[in-house]
Amino acid sequence: MATVTVMDEPEHFSFPVLAKLASFGMMVVGLVAFGLTWIGGVELAMTGWVIAAWYCLGFPLFATLFLSISHLSSSGWHVVIKRVPEAMTRYLPVAAGTFVLIALAALFSNFYEWAHPVDHGDLHSELLAGKRAWLNPSSFVIRMAIYFGIWIAASWALVRASRKQDVDGDVKHTTTGRRVAAPYAALFAITVTFASIDYIMSVEPTWFSTMFGVYQFAGIMESGFAMLALLLIFLQQTGYLRKSVNENHYHNVGIWLLASATFWAYIWFCQFMLIWYSNIPEETQHYLARWEGPWFWVSFGLNPLINWVIPFLILLPRPNKRNPKMLAIAACFALGGRFIDLWQLVAPRSHPVDGIPHAAAGVWTVVVVGTLVGVLGLFLFVTLKALEKAPLLAKKDPYYVESVHHHL
Amino acid sequence: MPDEENKLFFGVFTDEDDCLEATKACTEANFTYHDVLAPYAVHGLDRAMGLPFSKITWVTFLCGMMGCTIAFLGMGYMSYWDWPLNIGGKETLPVPAMIPIMFELTVLFGGVCTMLALFAFCFLFPGKQARLFHARQTDDRFVIVLEVDEDFNEAKAREIFTANHAEDIREVDADYDINSGPEGAA
């Protein structure tokens with residue numbers, strides 16, 4: 001087993017010109033769409049931007065956690081594909097750039113109602129005043145810096161250990177990775193919980209759900225595995241990893257996608273059911289804005305259908321998990337579902353700001369898909385560019401041989 | 001399975017990998033299996049024997065759906081048709097509250113029916129006498145049992161078994177069991 005089969009495939013990825021042009025095209029579409037949404041006002045534009053920035057931040061966050069989980073569980077199957085999540089983490093510093101706009105929105109606009117609260121002398125204003133200690137622009141920006149600091153430092157340490165191993169093949173780099181992964185997994189849970197509260201939940205500042213962090217985590221995992229599957233299929237279609245990645249690796253990614261989609265459905269439903277059951281106005285306001293009117297079909301129809309029912313039924317039979325085409329279809333549904341999920345979280349609001357009922361403008365926010373396309377183009381460009389920087393196969397990883405011979 | 005009772009030809013292996021390799025060779029040589037017996041589930045053995053993908057997943061899926069439906073109809077009957085009560089101002093057919101139970105019954109029916117179907121497929125029941133080709137077949141020995149039909153090539157079978165370090169090779173009657181064999185109740 002000591003001899004490793006020489007793979008008859010390119011060792012280095014080179015960014016295809018067509019893909020490069022496509023990602024630039026997506027960015028242009030995004031810029032135009034984002035510019036157009038400003039006609040609808042800062043709230044509409046920022047709705048699109050927050051969805052897009054948080055959506056794409058999910059991929060590098062997923063990638064750091066995927067690498068950490070693999071380290072902590074001593075798994076070996078992922079070694080032939082691990083360059084892809086490693087490249088995904090390189091988007092984190094760029095994501096920090098996209099979040100600067102969100103920080104600016106908190107500082108200078110009324111997108112986040114808590115940022116510049118007006119005292120109307122009612123209970124709503126009283127509730128907002130009570131949350132001032134956490135929800136204020138300066139601590140919002142400081143927390144943002146802390147989150148990104150932790151994420152970038154951890155991803156840098158994980159990727160650096162892997163790159164060093166490419167040179168000397170020393171097992172100690174795997175141990176280093178493990179040492180980073182253990183505390184990072186805990187830090188990830190805390191930072192992602194608070195980040196999701198800061199950026200998404202605080203859009204409706206008087207509403208809260210104690211399950212919100214894990215709900216966003218579930219969505220991040222589902223869309224992350226979907227993106228990983230699509231990137232792998234893209235690489236194989238363009239002639240890379242043809243021999244080293246086979247249906248057994250797809251099978252594992254498919255299992256993860258099926259499991260995380262189901263986990264998302266479980267958390268999504270639990271959050272709703274607990275609030276529906278206890279029926280406390282402070283909590284139900286969020287669901288009331290989505291229960292009545294056309295939003296019902298988005299929040300309670302499309303959302304579970306696209307995020308869970310369809311991917312679940314597609315991925316349930318074993319042969320479909322091993323078939324890149326079926327896996328790609330399920331992944332596209334999961335990625336579309338992630339947008340629907342965030343869209344119905346950010347766009348309709350239970351409490352109107354400055355007399356503008358947001359749910360009324362809700363249907364128009366479908367234009368914000370354009371903004372998402374743009375940031376997605378940016379993510380793809382950064383990731384594929386980062387993929388060029390290192391060999392596609394980590395041949396000196398101690399688990400490399402196990403990964404090549406992975407069999408399910 | 002052939003109509004008339006064929007004689008059986010079996011080899012006993014001490015190692016999982018030997019058994020797996022021998023099975024692959026037997027499948028390639030088109031032998032008819034009586035069965036391949038192992039003390040535990042050997043990874044890839046079903047594929048090596050050329051067996052089709054198990055149908056039992058369909059039993060799990062359909063019985064799971066059945067459990068889900070029964071849960072819904074049962075609760076619906078009780079809380080909507082038979083004895084509607086106003087509980088906390090909720091609907092008398094409170095679908096969100098039913099979903100956890102529908103989920104539980106899906107899992108319960110899926111799981112239990114899978115087990116029962118497995119027993120039925122394998123014709124297992126309490127008190128069934130185990131048929132053993134080797135006394136350590138349920139401990140640490142692997143047995144490949146082939147049917148001696150008209151295409152059976154004994155030399156070839158013997159060659160495959162020997163090449164994979166079989167510790168015992170023999171041809172026996174169709175109803176062979178170690179308890180009825182020459183060794184008697186060992």
Side-chain angles (χ1 to χ4, degrees), chain A residues 1 76-77 209 211 246-248 251-252 254-255 258-259 261-281 283-284 286-288 290-292 296 299-301 303-305 308-309 312-323 326 402 405-408, chain B residues 15-17 19-21 23-24 41-69 71-72 75 79 85-111 113-114:
Chain A
M1 209 67 112
W77 70 273
S209 156
M211 290 184 77
N246 56 43
E247 73 260 26
N248 295 297
H251 192 162
N252 263 22
I255 289 172
L258 176 69
T262 306
F263 180 63
W264 175 88
Y266 176 73
I267 298 296
W268 171 82
F269 177 72
C270 276
Q271 178 177 277
F272 167 71
M273 194 195 65
L274 293 175
I275 289 174
W276 172 85
Y277 224 121
S278 59
N279 211 3
I280 300 167
E283 291 172 356
T284 48
H286 171 84
Y287 282 111
L288 200 62
R290 289 153 183 81
W291 190 264
E292 293 174 335
F296 176 82
S299 291
F300 295 93
N303 199 15
L305 185 74
W308 177 64
V309 177
F312 179 78
L313 291 178
I314 291 177
L315 290 177
L316 204 51
R318 174 191 159 100
N320 287 1
K321 292 195 244 333
R322 302 169 77 83
N323 178 349
M326 297 311 276
E402 182 181 328
H405 295 281
H406 178 58
H407 186 255
L408 272 176
Chain B
D15 188 87
E16 174 188 327
D17 290 332
C19 176
L20 202 57
E21 286 309 313
T23 309
K24 279 178 191 160
V42 175
H43 184 83
L45 187 60
D46 49 345
R47 222 61 48 76
M49 285 173 74
L51 292 178
F53 191 64
S54 170
K55 301 265 185 307
I56 206 154
T57 54
W58 282 102
V59 175
T60 314
F61 181 74
L62 294 174
C63 289
M65 297 306 271
M66 191 174 76
C68 189
T69 315
F72 180 79
M75 281 182 293
S79 60
L85 280 178
N86 184 336
I87 300 169
K90 298 278 192 288
E91 305 89 331
T92 40
L93 192 68
V95 177
M98 289 161 132
I99 286 181
I101 295 146
M102 285 158 72
F103 167 73
E104 296 294 348
L105 256 70
T106 307
V107 176
L108 181 74
F109 273 62
C113 290
T114 306

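Numbered from 1 within each chain, the chains take letters A, B, ... in sequence-line order.
Counting non-hydrogen atoms of neighbouring residues, nucleotides and ligands closer than 6.0 angstrom, the OH atom of Y266(A) reaches no more than 12 such neighbours. In the displayed structure, F296(A) atom CZ is contacted under 6.0 Å by more than 12 heavy atoms of other residues, nucleotides or ligands. Counting heavy atoms of neighbouring residues, nucleotides and ligands inside a 6.0 Å radius, atom CH2 of W58(B) does not exceed 12 of them.
R318(A) and F53(B) get closest at one heavy-atom pair: CD-CE1, 3.3 Å. Of all non-hydrogen atoms in W276(A) and E91(B), the two that sit nearest each other are CZ2-OE1, 3.7 Å. Shortest non-hydrogen contact noted between A97(B) and M273(A) is CA-SD, 4.4 Å. Pairing each heavy atom of L408(A) with each of H43(B), the nearest pair is C-CE1, 3.8 Å.
Here the side chains of P96(B) and F272(A) are in contact, with some heavy-atom distance below 4.5 Å.
Proximity to chain A (any heavy atom under 4.5 Å) is shown, for F103(B), by neither the backbone nor the side chain.
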